[in-house]
Amino acid sequence: IKMAEPVPENTPVQDPEVESDDEAEVDDGPEQLSQIGFAEEPYEDEDLEDRLFPSKIGGRPVWLDYAHLPEPESMRCGKCNQPMMHLLQMYMPVESVDDAYHRMLYVFCCRDGGCHGDASKSFKILRCQLPAENPLYSDDATDECDLIQDPDTILKPNARALLCAVCGCKADKRCARCKGPAYCGKEHQAAHWSDPNEPHQKTCVEGSGSTWKQQEFRSPLLFEEYEVTNDTEPSRDREKEEKQGKLLLKQYQKMEKRRAKKGIKDEYEYDDSFGTATKEIHIDPQFEKFELRVSREPQQVLRFDGAPTPLWATSSNQPSADLHEIPPCENCGSKRQFELQIMPQLLFFLKSNDDVKNSVEFGTLALYTCASSCKAKKDTEPYLSEFVWRQPPV
(Lines give C-alpha, C1' and ligand atoms only; values in the text may rest on other atoms or scores of the structure.)
Protein backbone atom coordinates (compact mmCIF):
# COMPACT_ATOMS: atom_id res chain seq x y z
CA ILE A 1 0.00 0.00 0.00
CA LYS A 2 1.39 3.33 -0.99
CA MET A 3 1.85 5.96 1.67
CA ALA A 4 0.93 9.56 1.08
CA GLU A 5 2.44 10.97 -2.10
CA PRO A 6 5.61 13.10 -1.86
CA VAL A 7 5.03 16.80 -1.39
CA PRO A 8 4.60 18.95 -4.52
CA GLU A 9 7.64 20.12 -6.41
CA ASN A 10 7.38 23.69 -5.19
CA THR A 11 7.61 22.56 -1.56
CA PRO A 12 11.03 23.52 -0.14
CA VAL A 13 13.12 20.72 1.33
CA GLN A 14 15.65 21.16 4.08
CA ASP A 15 19.10 19.64 3.80
CA PRO A 16 19.23 17.11 6.66
CA GLU A 17 23.00 17.40 6.93
CA VAL A 18 22.63 20.82 8.54
CA GLU A 19 20.66 20.88 11.77
CA SER A 20 20.15 24.16 13.56
CA ASP A 21 19.75 24.51 17.32
CA ASP A 22 16.02 25.11 17.06
CA GLU A 23 15.63 21.88 15.10
CA ALA A 24 17.17 19.72 17.80
CA GLU A 25 14.87 16.95 18.89
CA VAL A 26 12.82 17.71 21.96
CA ASP A 27 11.60 14.88 24.16
CA ASP A 28 7.97 15.64 24.99
CA GLY A 29 7.69 12.65 27.31
CA PRO A 30 5.53 9.57 26.71
CA GLU A 31 3.74 9.85 23.38
CA GLN A 32 0.00 9.32 23.04
CA LEU A 33 -0.70 6.25 20.96
CA SER A 34 -3.91 6.19 18.94
CA GLN A 35 -6.18 3.39 17.92
CA ILE A 36 -5.70 2.79 14.21
CA GLY A 37 -8.27 1.25 11.89
CA PHE A 38 -7.68 -1.18 9.03
CA ALA A 39 -9.79 -2.14 6.03
CA GLU A 40 -10.44 -5.88 5.97
CA GLU A 41 -12.44 -7.77 3.38
CA PRO A 42 -15.43 -9.49 5.01
CA TYR A 43 -15.63 -13.26 4.98
CA GLU A 44 -17.04 -14.74 1.79
CA ASP A 45 -20.35 -15.72 3.40
CA GLU A 46 -20.67 -12.60 5.51
CA ASP A 47 -22.93 -9.66 4.71
CA LEU A 48 -22.05 -6.60 6.78
CA GLU A 49 -25.50 -5.17 6.17
CA ASP A 50 -26.94 -8.03 8.24
CA ARG A 51 -24.74 -7.29 11.25
CA LEU A 52 -25.67 -5.14 14.24
CA PHE A 53 -23.68 -1.92 14.74
CA PRO A 54 -20.92 -2.64 12.19
CA SER A 55 -17.90 -0.40 11.72
CA LYS A 56 -17.40 -0.54 7.97
CA ILE A 57 -16.26 1.24 4.85
CA GLY A 58 -18.41 1.68 1.77
CA GLY A 59 -21.46 -0.31 0.76
CA ARG A 60 -24.88 0.80 1.94
CA PRO A 61 -25.17 2.30 5.43
CA VAL A 62 -26.46 0.21 8.32
CA TRP A 63 -28.68 2.66 10.17
CA LEU A 64 -28.74 2.75 13.96
CA ASP A 65 -32.23 4.25 14.17
CA TYR A 66 -33.83 2.53 11.20
CA ALA A 67 -37.23 4.12 11.78
CA HIS A 68 -36.32 7.82 11.49
CA LEU A 69 -33.82 8.53 8.71
CA PRO A 70 -32.55 11.83 7.26
CA GLU A 71 -34.74 13.17 4.49
CA PRO A 72 -33.47 12.56 0.93
CA GLU A 73 -33.06 16.27 0.20
CA SER A 74 -30.68 16.66 3.16
CA MET A 75 -28.38 13.97 1.73
CA ARG A 76 -27.54 15.82 -1.49
CA CYS A 77 -24.27 17.55 -2.35
CA GLY A 78 -24.48 21.29 -1.82
CA LYS A 79 -22.36 21.87 -4.94
CA CYS A 80 -23.84 19.65 -7.67
CA ASN A 81 -27.10 18.56 -5.97
CA GLN A 82 -26.40 14.86 -6.61
CA PRO A 83 -27.16 12.28 -3.90
CA MET A 84 -24.20 11.62 -1.61
CA MET A 85 -22.88 8.10 -1.10
CA HIS A 86 -21.93 6.27 2.09
CA LEU A 87 -18.17 6.48 2.69
CA LEU A 88 -17.89 4.83 6.12
CA GLN A 89 -19.47 4.38 9.52
CA MET A 90 -17.91 3.79 12.95
CA TYR A 91 -19.56 2.38 16.05
CA MET A 92 -18.21 4.61 18.84
CA PRO A 93 -20.26 4.41 22.06
CA VAL A 94 -19.47 6.74 24.97
CA GLU A 95 -19.57 4.95 28.34
CA SER A 96 -19.86 8.17 30.35
CA VAL A 97 -23.00 9.30 28.50
CA ASP A 98 -26.18 7.33 29.20
CA ASP A 99 -27.78 8.42 25.94
CA ALA A 100 -24.76 7.19 23.95
CA TYR A 101 -24.80 3.52 24.96
CA HIS A 102 -25.20 2.82 21.23
CA ARG A 103 -23.56 5.49 19.08
CA MET A 104 -22.68 5.57 15.39
CA LEU A 105 -20.82 8.11 13.27
CA TYR A 106 -21.57 8.20 9.53
CA VAL A 107 -19.60 9.84 6.72
CA PHE A 108 -21.21 10.52 3.34
CA CYS A 109 -19.64 12.34 0.43
CA CYS A 110 -20.33 13.42 -3.12
CA ARG A 111 -19.11 10.87 -5.66
CA ASP A 112 -17.61 13.69 -7.75
CA GLY A 113 -14.25 14.67 -6.27
CA GLY A 114 -14.48 17.97 -8.10
CA CYS A 115 -16.95 19.13 -5.44
CA HIS A 116 -14.67 18.34 -2.50
CA GLY A 117 -12.93 21.71 -2.36
CA ASP A 118 -15.78 22.86 -0.12
CA ALA A 119 -16.10 20.02 2.39
CA SER A 120 -18.99 21.70 4.20
CA LYS A 121 -21.14 21.15 1.10
CA SER A 122 -19.75 17.93 -0.35
CA PHE A 123 -19.41 15.86 2.86
CA LYS A 124 -22.07 14.94 5.39
CA ILE A 125 -21.17 13.79 8.92
CA LEU A 126 -24.00 12.33 11.00
CA ARG A 127 -24.11 11.18 14.61
CA CYS A 128 -26.87 8.95 15.99
CA GLN A 129 -27.07 7.48 19.47
CA LEU A 130 -29.44 5.55 21.73
CA PRO A 131 -29.58 4.65 25.43
CA ALA A 132 -29.33 1.02 26.55
CA GLU A 133 -33.11 0.89 26.91
CA ASN A 134 -34.64 2.00 23.63
CA PRO A 135 -37.64 1.13 21.43
CA LEU A 136 -35.52 -0.40 18.65
CA TYR A 137 -33.18 -3.00 20.17
CA SER A 138 -33.54 -5.58 22.91
CA ASP A 139 -31.29 -5.46 25.97
CA ASP A 140 -28.93 -8.16 24.67
CA ALA A 141 -28.12 -6.29 21.46
CA THR A 142 -24.39 -5.46 21.52
CA ASP A 143 -21.63 -4.75 19.04
CA GLU A 144 -20.39 -8.30 19.65
CA CYS A 145 -23.50 -9.87 18.10
CA ASP A 146 -22.75 -12.14 15.17
CA LEU A 147 -24.81 -12.14 12.01
CA ILE A 148 -28.48 -11.80 12.80
CA GLN A 149 -29.96 -15.28 12.56
CA ASP A 150 -33.38 -14.29 13.85
CA PRO A 151 -33.91 -10.52 13.60
CA ASP A 152 -37.07 -10.66 15.70
CA THR A 153 -35.04 -11.68 18.75
CA ILE A 154 -32.85 -8.57 18.56
CA LEU A 155 -34.79 -5.90 16.68
CA LYS A 156 -38.01 -4.81 18.31
CA PRO A 157 -41.01 -4.52 15.98
CA ASN A 158 -41.05 -1.02 14.54
CA ALA A 159 -41.85 0.59 11.23
CA ARG A 160 -38.72 0.65 9.07
CA ALA A 161 -38.13 3.54 6.75
CA LEU A 162 -38.17 2.81 3.02
CA LEU A 163 -34.60 2.51 1.66
CA CYS A 164 -33.20 3.50 -1.72
CA ALA A 165 -32.22 0.45 -3.78
CA VAL A 166 -29.03 2.17 -4.92
CA CYS A 167 -27.56 4.06 -1.96
CA GLY A 168 -29.45 2.68 1.06
CA CYS A 169 -30.57 6.12 2.27
CA LYS A 170 -34.20 7.06 2.90
CA ALA A 171 -36.44 6.68 -0.14
CA ASP A 172 -39.64 8.56 -0.87
CA LYS A 173 -40.79 6.91 -4.10
CA ARG A 174 -41.12 3.46 -5.67
CA CYS A 175 -40.93 2.14 -9.20
CA ALA A 176 -44.29 3.15 -10.66
CA ARG A 177 -44.70 -0.06 -12.70
CA CYS A 178 -43.70 -2.97 -10.47
CA LYS A 179 -43.97 -1.24 -7.06
CA GLY A 180 -40.77 -3.02 -6.03
CA PRO A 181 -37.51 -1.07 -5.58
CA ALA A 182 -37.63 2.34 -3.90
CA TYR A 183 -35.43 5.37 -4.59
CA CYS A 184 -34.21 8.56 -2.94
CA GLY A 185 -34.58 10.49 -6.20
CA LYS A 186 -34.80 10.32 -9.95
CA GLU A 187 -31.01 10.07 -10.34
CA HIS A 188 -30.78 6.72 -8.57
CA GLN A 189 -33.95 5.44 -10.22
CA ALA A 190 -32.36 6.15 -13.62
CA ALA A 191 -29.07 4.56 -12.49
CA HIS A 192 -30.86 1.37 -11.45
CA TRP A 193 -32.97 1.27 -14.61
CA SER A 194 -29.88 1.21 -16.81
CA ASP A 195 -27.44 -0.45 -14.39
CA PRO A 196 -24.58 -2.06 -16.39
CA ASN A 197 -24.84 -5.36 -14.49
CA GLU A 198 -28.45 -5.71 -13.32
CA PRO A 199 -30.62 -3.22 -15.22
CA HIS A 200 -34.05 -2.96 -13.63
CA GLN A 201 -35.63 -2.43 -17.05
CA LYS A 202 -35.06 -6.13 -17.82
CA THR A 203 -36.84 -7.40 -14.70
CA CYS A 204 -39.49 -4.73 -14.17
CA VAL A 205 -42.89 -6.37 -14.66
CA GLU A 206 -46.17 -4.90 -13.49
CA GLY A 207 -47.17 -6.39 -10.14
CA SER A 208 -43.83 -8.13 -9.53
CA GLY A 209 -42.75 -5.86 -6.68
CA SER A 210 -43.18 -8.51 -4.00
CA THR A 211 -40.29 -10.52 -5.45
CA TRP A 212 -37.79 -7.63 -5.27
CA LYS A 213 -34.91 -8.23 -2.85
CA GLN A 214 -32.66 -5.25 -2.19
CA GLN A 215 -29.81 -7.27 -0.69
CA GLU A 216 -29.28 -9.06 -4.00
CA PHE A 217 -28.60 -5.83 -5.90
CA ARG A 218 -25.38 -3.86 -5.60
CA SER A 219 -24.96 -0.64 -7.54
CA PRO A 220 -21.53 0.27 -8.98
CA LEU A 221 -22.08 3.74 -7.50
CA LEU A 222 -21.36 2.29 -4.06
CA PHE A 223 -17.84 2.41 -2.67
CA GLU A 224 -16.05 -0.90 -2.17
CA GLU A 225 -17.13 -2.46 1.12
CA TYR A 226 -14.73 -3.47 3.91
CA GLU A 227 -15.01 -4.27 7.59
CA VAL A 228 -13.05 -1.98 9.94
CA THR A 229 -10.80 -3.67 12.49
CA ASN A 230 -8.58 -1.78 14.89
CA ASP A 231 -5.49 -2.06 17.06
CA THR A 232 -3.19 0.24 19.04
CA GLU A 233 -0.56 1.86 16.85
CA PRO A 234 3.03 0.65 17.37
CA SER A 235 5.35 2.58 19.69
CA ARG A 236 8.11 4.71 18.31
CA ASP A 237 11.12 2.96 16.80
CA ARG A 238 13.90 5.56 16.49
CA GLU A 239 16.13 3.33 14.37
CA LYS A 240 13.29 2.68 11.93
CA GLU A 241 12.43 6.39 11.85
CA GLU A 242 16.03 7.22 10.95
CA LYS A 243 15.92 4.79 8.03
CA GLN A 244 12.57 6.18 6.92
CA GLY A 245 13.97 9.72 7.10
CA LYS A 246 16.83 8.76 4.80
CA LEU A 247 14.37 7.13 2.40
CA LEU A 248 12.29 10.31 2.41
CA LEU A 249 15.39 12.35 1.57
CA LYS A 250 16.19 10.08 -1.38
CA GLN A 251 12.67 10.64 -2.71
CA TYR A 252 13.23 14.37 -2.68
CA GLN A 253 16.65 14.06 -4.31
CA LYS A 254 15.12 12.01 -7.14
CA MET A 255 12.41 14.61 -7.47
CA GLU A 256 15.04 17.36 -7.79
CA LYS A 257 16.87 15.42 -10.52
CA ARG A 258 13.62 14.99 -12.48
CA ARG A 259 12.97 18.72 -12.18
CA ALA A 260 16.46 19.49 -13.44
CA LYS A 261 16.00 17.23 -16.49
CA LYS A 262 12.76 18.99 -17.31
CA GLY A 263 14.50 22.34 -17.18
CA ILE A 264 12.69 23.53 -14.08
CA LYS A 265 14.82 26.10 -12.33
CA ASP A 266 15.82 25.40 -8.76
CA GLU A 267 15.44 28.04 -6.09
CA TYR A 268 18.72 29.45 -4.77
CA GLU A 269 19.60 31.61 -1.81
CA TYR A 270 22.45 34.14 -2.14
CA ASP A 271 25.15 33.68 0.50
CA ASP A 272 26.77 37.09 1.24
CA SER A 273 29.63 35.60 3.26
CA PHE A 274 30.94 33.70 0.24
CA GLY A 275 29.47 35.75 -2.58
CA THR A 276 27.96 32.63 -4.14
CA ALA A 277 24.52 31.25 -4.76
CA THR A 278 23.85 28.19 -2.62
CA LYS A 279 20.97 25.79 -3.07
CA GLU A 280 18.61 25.56 -0.09
CA ILE A 281 16.19 22.67 0.24
CA HIS A 282 13.40 22.57 2.83
CA ILE A 283 11.08 19.77 3.90
CA ASP A 284 7.72 20.60 5.39
CA PRO A 285 8.35 19.41 8.99
CA GLN A 286 4.70 18.43 9.44
CA PHE A 287 4.73 16.29 6.30
CA GLU A 288 7.92 14.60 7.51
CA LYS A 289 6.29 13.97 10.90
CA PHE A 290 3.21 12.58 9.15
CA GLU A 291 5.25 10.23 6.97
CA LEU A 292 7.37 8.96 9.85
CA ARG A 293 4.36 8.34 12.09
CA VAL A 294 2.39 6.57 9.36
CA SER A 295 5.42 4.41 8.51
CA ARG A 296 4.92 2.57 11.80
CA GLU A 297 1.83 0.96 10.26
CA PRO A 298 1.42 1.98 6.59
CA GLN A 299 -1.92 0.16 6.16
CA GLN A 300 -3.84 2.33 8.64
CA VAL A 301 -6.92 4.03 7.21
CA LEU A 302 -8.32 5.55 10.43
CA ARG A 303 -6.99 7.12 13.63
CA PHE A 304 -8.99 7.71 16.81
CA ASP A 305 -9.04 7.48 20.61
CA GLY A 306 -5.57 8.85 21.20
CA ALA A 307 -4.04 12.26 20.61
CA PRO A 308 -6.42 15.23 21.08
CA THR A 309 -5.47 16.57 17.64
CA PRO A 310 -5.26 14.95 14.18
CA LEU A 311 -2.00 13.88 12.60
CA TRP A 312 -2.00 16.60 9.96
CA ALA A 313 -0.45 15.81 6.58
CA THR A 314 1.01 19.30 6.00
CA SER A 315 1.69 22.52 7.91
CA SER A 316 -0.88 24.41 5.85
CA ASN A 317 -4.68 24.17 5.79
CA GLN A 318 -5.02 23.40 9.50
CA PRO A 319 -7.51 24.96 11.94
CA SER A 320 -5.99 27.32 14.49
CA ALA A 321 -5.05 26.13 17.98
CA ASP A 322 -8.22 27.59 19.51
CA LEU A 323 -10.36 25.85 16.86
CA HIS A 324 -12.38 29.01 16.22
CA GLU A 325 -12.99 27.75 12.66
CA ILE A 326 -14.81 24.70 14.05
CA PRO A 327 -18.46 25.67 14.65
CA PRO A 328 -20.17 24.62 17.91
CA CYS A 329 -22.78 21.87 18.00
CA GLU A 330 -25.96 23.15 16.36
CA ASN A 331 -28.08 21.00 18.68
CA CYS A 332 -26.80 22.07 22.13
CA GLY A 333 -24.20 24.79 21.55
CA SER A 334 -21.29 22.81 23.07
CA LYS A 335 -17.82 23.00 21.56
CA ARG A 336 -16.81 20.30 19.16
CA GLN A 337 -13.69 18.21 19.66
CA PHE A 338 -11.59 16.02 17.39
CA GLU A 339 -12.74 12.38 17.39
CA LEU A 340 -11.86 10.53 14.20
CA GLN A 341 -9.35 10.93 11.36
CA ILE A 342 -9.66 9.38 7.91
CA MET A 343 -6.27 8.73 6.34
CA PRO A 344 -5.38 9.03 2.63
CA GLN A 345 -4.56 5.30 2.53
CA LEU A 346 -8.33 4.73 2.43
CA LEU A 347 -8.37 5.98 -1.18
CA PHE A 348 -6.48 2.87 -2.28
CA PHE A 349 -9.30 0.64 -1.01
CA LEU A 350 -12.08 2.80 -2.44
CA LYS A 351 -10.60 2.43 -5.92
CA SER A 352 -12.08 5.85 -6.54
CA ASN A 353 -9.38 6.88 -9.00
CA ASP A 354 -10.55 4.29 -11.53
CA ASP A 355 -12.96 6.93 -12.79
CA VAL A 356 -11.34 10.37 -13.01
CA LYS A 357 -14.64 12.21 -12.86
CA ASN A 358 -15.73 10.33 -9.77
CA SER A 359 -12.36 10.29 -8.03
CA VAL A 360 -12.34 11.13 -4.32
CA GLU A 361 -9.24 12.91 -3.08
CA PHE A 362 -8.04 14.30 0.22
CA GLY A 363 -4.85 14.68 2.25
CA THR A 364 -6.74 13.78 5.40
CA LEU A 365 -10.23 14.23 6.87
CA ALA A 366 -10.67 15.19 10.54
CA LEU A 367 -14.07 14.72 12.17
CA TYR A 368 -15.08 17.03 15.00
CA THR A 369 -18.08 16.04 17.11
CA CYS A 370 -20.06 17.48 20.01
CA ALA A 371 -17.93 17.29 23.17
CA SER A 372 -21.07 16.54 25.20
CA SER A 373 -22.33 13.91 22.75
CA CYS A 374 -25.71 15.53 23.26
CA LYS A 375 -29.09 13.89 22.77
CA ALA A 376 -31.26 14.94 19.83
CA LYS A 377 -34.05 17.32 20.83
CA LYS A 378 -36.60 15.36 18.80
CA ASP A 379 -36.85 11.57 18.83
CA THR A 380 -38.11 11.75 15.25
CA GLU A 381 -34.88 13.52 14.15
CA PRO A 382 -32.13 11.42 15.79
CA TYR A 383 -29.42 12.05 13.19
CA LEU A 384 -27.39 15.14 14.14
CA SER A 385 -24.88 16.83 11.83
CA GLU A 386 -21.23 17.11 12.83
CA PHE A 387 -18.23 18.83 11.23
CA VAL A 388 -15.37 17.67 8.99
CA TRP A 389 -12.12 19.49 8.19
CA ARG A 390 -10.53 18.48 4.89
CA GLN A 391 -6.84 18.91 4.12
CA PRO A 392 -6.33 18.87 0.34
CA PRO A 393 -4.17 16.14 -1.24
CA VAL A 394 -0.44 16.62 -0.73
Side-chain angles (χ1 to χ4, degrees), residues 32 34-39 53-58 61-64 70 74-75 77-78 84-94 97 100 102-110 115-129 223 226 228 230 233 290 294 300-314 317-321 323-332 334-347 349-350 360-374 376 382-393:
Q32 292 178 292
S34 296
Q35 288 293 304
I36 51 179
F38 304 92
F53 323 127
S55 292
K56 73 186 192 83
I57 296 162
V62 176
W63 298 103
L64 183 61
S74 70
M75 301 300 292
C77 174
M84 294 188 188
M85 302 301 291
H86 177 246
L87 181 62
L88 65 84
Q89 63 184 83
M90 284 290 290
Y91 184 67
M92 306 185 76
V94 180
V97 179
H102 296 301
R103 181 172 177 271
M104 192 77 77
L105 296 182
Y106 298 85
V107 181
F108 295 84
C109 71
C110 180
C115 295
H116 291 180
D118 188 344
S120 65
K121 295 182 178 180
S122 54
F123 284 83
K124 185 84 170 178
I125 314 301
L126 296 175
R127 169 173 59 88
C128 183
Q129 58 195 48
F223 290 113
Y226 299 89
V228 174
N230 66 280
E233 72 172 320
F290 178 86
V294 171
Q300 60 183 286
V301 298
L302 299 170
R303 296 178 66 87
F304 57 97
D305 194 21
T309 58
L311 178 63
W312 297 113
T314 64
N317 295 297
Q318 296 183 24
S320 56
L323 300 181
H324 71 266
E325 300 93 341
I326 310 299
C329 174
E330 291 86 353
N331 186 62
C332 72
S334 296
K335 289 186 177 180
R336 284 191 171 105
Q337 62 186 11
F338 166 66
E339 183 168 5
L340 176 69
Q341 179 173 2
I342 302 175
M343 305 294 283
Q345 287 83 345
L346 179 66
L347 300 175
F349 293 94
L350 297 180
V360 176
E361 289 187 308
F362 53 81
T364 195
L365 297 172
L367 275 59
Y368 291 83
T369 60
C370 176
S372 302
S373 200
C374 62
Y383 289 89
L384 302 177
S385 293
E386 296 292 7
F387 185 80
V388 61
W389 184 280
R390 174 183 177 269
Q391 266 196 331

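Residues take their numbers from the sequence shown, with the count starting at 1. Every heavy atom of this structure was used, including side-chain atoms; hydrogens, water molecules and symmetry mates were not. Quick caveat: nothing in here was measured; it's all calculated off a predicted structure.
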Q. How would you list, by chain and number, every residue that makes a ring-ring contact (aromatic ring centres under 6.0 Å, His included) with Phe123, sequence neighbours excluded?
A. His116
Q.
The criterion is side chain to side chain donor-acceptor pair (under 3.5 Å); which residues satisfy it with Gln300, sequence neighbours excluded?
A. Arg303
(Q) If the condition is ring-ring contact (aromatic ring centres under 6.0 Å, His included), which residues does Tyr106 pass it with, not counting sequence neighbours? (A) Trp63, Tyr383
Q. Among all residues two or more places apart in sequence or in another chain, which pass the side chain to side chain contact (heavy atoms under 4.5 Å, CB included) test with Ser120?
A. Asp118
**Q.** salt bridge (charged side-chain N to carboxylate O under 4.0 Å, His left out) partners of Glu330, counting only residues at least two apart
**A.** Arg336
Q) Looking at residues at least two apart in the chain, or sitting in another chain, which of them share a side chain to side chain donor-acceptor pair (under 3.5 Å) with Ser74? A) none
Q. In chain order, what residues pass the ring-ring contact (aromatic ring centres under 6.0 Å, His included) check against Phe387, with sequence neighbours excluded?
A. none
**Q.** SB check Arg103 Glu386 (cutoff 4.0 Å)
**A.** no
(Q) Suppose we screen for side chain to side chain contact (heavy atoms under 4.5 Å, CB included). Which residues come up paired with Asn230, at least two apart in sequence or across chains? (A) Gln35, Phe304
Q: With sequence neighbours excluded, tell me which residues meet salt bridge (charged side-chain N to carboxylate O under 4.0 Å, His left out) with Arg390.
A: none
**Q.** Phe362 and Leu347, any side-chain heavy atoms less than 4.5 Å apart
**A.** yes
Q.
Test of understanding: with side chain to side chain donor-acceptor pair (under 3.5 Å), list the residues that count as partners of Lys56, not counting sequence neighbours.
A. Glu225
Q.
Going by the rule side chain to side chain contact (heavy atoms under 4.5 Å, CB included), which residues pair with Gln32 if we only count those two or more places apart in sequence or in a different chain?
A. Ala307, Pro308
Q.
Among residues at least two apart in sequence or on other chains, which ones pass side chain to side chain donor-acceptor pair (under 3.5 Å) with Tyr226?
A. Lys351
